[in-house]
K.L.:
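Would you mind keeping the following structure in view while I ask a few things?
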Amino acid sequence: MITTDLFGANHDPVRRDERLCDGAVVLRGFALAEESALLQAVAAITAQAPFRHQLTPGGLRMSVAMTNAGPLGWTSDRRGYRYAPRDPDSGEPWPPLPPAFMRLAVAAAAHAGFPGFVPDACLLNRYEPGTRLSLHQDRDERDLGLPIVSASLGIPAVFLFGGLQRTDPVQRVPLAHGDVVVWGGAARLRFHGVLPLKPNHHPALGECRINLSFRRAD
DNA sequence: AAGTATCG
DNA sequence: CGCT
C-alpha cells in the first residue's frame, strides 16, 4: 500500500525523489498538499510587497520580478547584493513568513537530509514567458552549510543545475507546479539558473511561474 | 555578470 | 545552439 503524508512525500519503497548529485534532490509534487495555502499566502505577500524588477550591480534590469517574505529579504542594486530587513521601495519590513511557507521549507529540507533547517528569508521570483535567470551562485548567506529550498508554482520551467565553476557542464531539470528542489552540503555553491520560459498557461496562476526560494540568511 | 550581444 |  502506498501512503502519502501531508507534504506529498512517497512512503512506498519506490521513491519519486530524483537525486541530481551529492547534496541535491528534486522532490516531485512535494508542495501540492499545501497548494491552496501557498497560493493564498503569495497573494497576501504581493499585495503588501509587490513584485518589482531589480537592477544588477552592473546596472542592468533583471527579467525576473522579485519580492520577499520573512525577517530578511534579498535585494540587488548598483551597490551589490545583500539581505535587508526592510523593503527598499516602501521602507516597511518584509511581510512575515506565512505558516504554510515555514511548514513547507522545514519539511522539504528535513526530507532531503537537512533536519533542523529553519529559514529566515523567502525570495519570491515571478517568471513570465521569456523570463530567464542566468547561471549564478547563492553566496550571500552567512552560513553556507545550510541548504536552499526552492519550490515551483505555476507554469513549467527548465532548471539549470551546474557545478562549482561557471563553465562546468549543466543538468537541465524540467520543473512542474509543486516540485521542490533542495540543495546543500557539497552542492550548496553549485551554479544554477532557469532557461527562458516557454509561453504556457496554468489554471491557478495563468501565464506565470512563481518560485519560492527559502534560505537562512543570518 | 542573479546580463546581453555577437560570432561561428 | 553553445561559447566568449
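Everything numeric here is computed off the predicted structure, so don't read it as measured data. The chains referred to below are lettered A, B, ... by the order of the sequence lines, with proteins before strands, and numbering in each begins at 1.
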K.L.:
Atom CZ in A:R209, atom CG in A:L153: separation rounded to 0.5 Å?
P.N.:
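A:R209 atom CZ to A:L153 atom CG measures 8.5 Å (nearest 0.5 Å).
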
K.L.:
Is it the case that one hydrophobic cluster holds both A:V173 and A:V194, taking links as side-chain heavy atoms less than 4.5 Å apart, direct or via other members?
P.N.:
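A:V173 clusters together with A:V194.
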
K.L.:
Please list, in 5' to 3' order, the outermost nucleotides of DNA chain B lying under 4.0 Å from any heavy atom of chain A.
P.N.:
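With heavy atoms of chain A under 4.0 Å away, the range is B:dA1 to B:dT4.
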
K.L.:
Looking at every heavy atom in both A:I155 and A:H202, which two are closest together, and how far apart are they?
P.N.:
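Residues A:I155 and A:H202, closest heavy atoms: CG2-N, 3.5 Å.
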
K.L.:
Please list every donor-acceptor pair under 3.5 Å in which a side-chain atom of residues 36-44 of chain A meets a protein atom from a residue at least two apart or in another chain.
P.N.:
none

K.L.:
Using the P atom as the reference point in each nucleotide, state the distance between B:dC7 and B:dG3 in Å, no decimals.
P.N.:
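Each nucleotide's P atom is 22 Å from the other's.
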
K.L.:
Show me the dot-bracket string of DNA chain B, counting Watson-Crick or G-U pairs under 3.5 Å, with | for pairs to another strand and [ ] for crossing ones.
P.N.:
....|.||

K.L.:
Do A:L97 and A:F51 share a hydrophobic cluster, counting only Ile, Leu, Val, Met, Phe, Trp and Tyr and linking them when any side-chain heavy atoms are less than 4.5 Å apart?
P.N.:
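A:L97 and A:F51: one cluster.
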
K.L.:
Under a single-linkage definition using a 4.5 Å side-chain heavy-atom cutoff for Ile, Leu, Val, Met, Phe, Trp and Tyr, are A:M66 and A:L55 assigned to the same hydrophobic cluster?
P.N.:
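Not linked; separate clusters.
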
K.L.:
For A:R82, does the CZ atom sit with more than 12 other heavy atoms under 6.0 Å from it, leaving out its own atoms?
P.N.:
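More than 12 within 6.0 Å, yes.
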
K.L.:
Any idea how A:F159 and A:H192 line up, ring-wise: parallel (<30°), tilted (30 to 60°), or perpendicular (>60°)?
P.N.:
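A:F159 and A:H192: tilted rings.
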
K.L.:
Hey, is the main chain of A:V64 close enough, under 3.5 Å, to the side chain of A:T131 for a donor-acceptor pair?
P.N.:
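A pair under 3.5 Å: no.
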
K.L.:
For the residue pair A:L135 and A:G193, what are the closest heavy atoms and their distance?
P.N.:
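Heavy-atom minimum between the residues: CD2-N, 3.9 Å.
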
K.L.:
Within the side chain of A:W94, is there an N or O that forms a donor-acceptor pair under 3.5 Å with the backbone of A:A84?
P.N.:
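Present.
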
K.L.:
For DNA chain B, which residues of residues 64-88 of chain A approach it to below 4.0 angstrom with any heavy atom?
P.N.:
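Close to the strand are A:W74, A:Y81.
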
K.L.:
Pull out every residue in residues 129-164 of chain A that has a heavy atom closer than 4.0 Å to any atom of DNA chain B, ordered by number, or say none.
P.N.:
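A:L133, A:S134, A:L135, A:H136, A:D138, A:D140 - these, ordered by number, are the residues of the stretch whose heavy atoms sit under 4.0 Å from the strand.
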
K.L.:
Taking all heavy atoms of A:P85 and all of A:L72, pick out the closest pair and write down the distance.
P.N.:
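Looking at all heavy atoms of both residues, the shortest contact is N-CD2, 3.8 Å.
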
K.L.:
Taking only heavy atoms on the protein side, list every residue of residues 50-61 of chain A lying under 4.0 Å from any atom of DNA chain B, sorted numerically.
P.N.:
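Per residue number, the list reads A:T56, A:L60, A:R61.
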
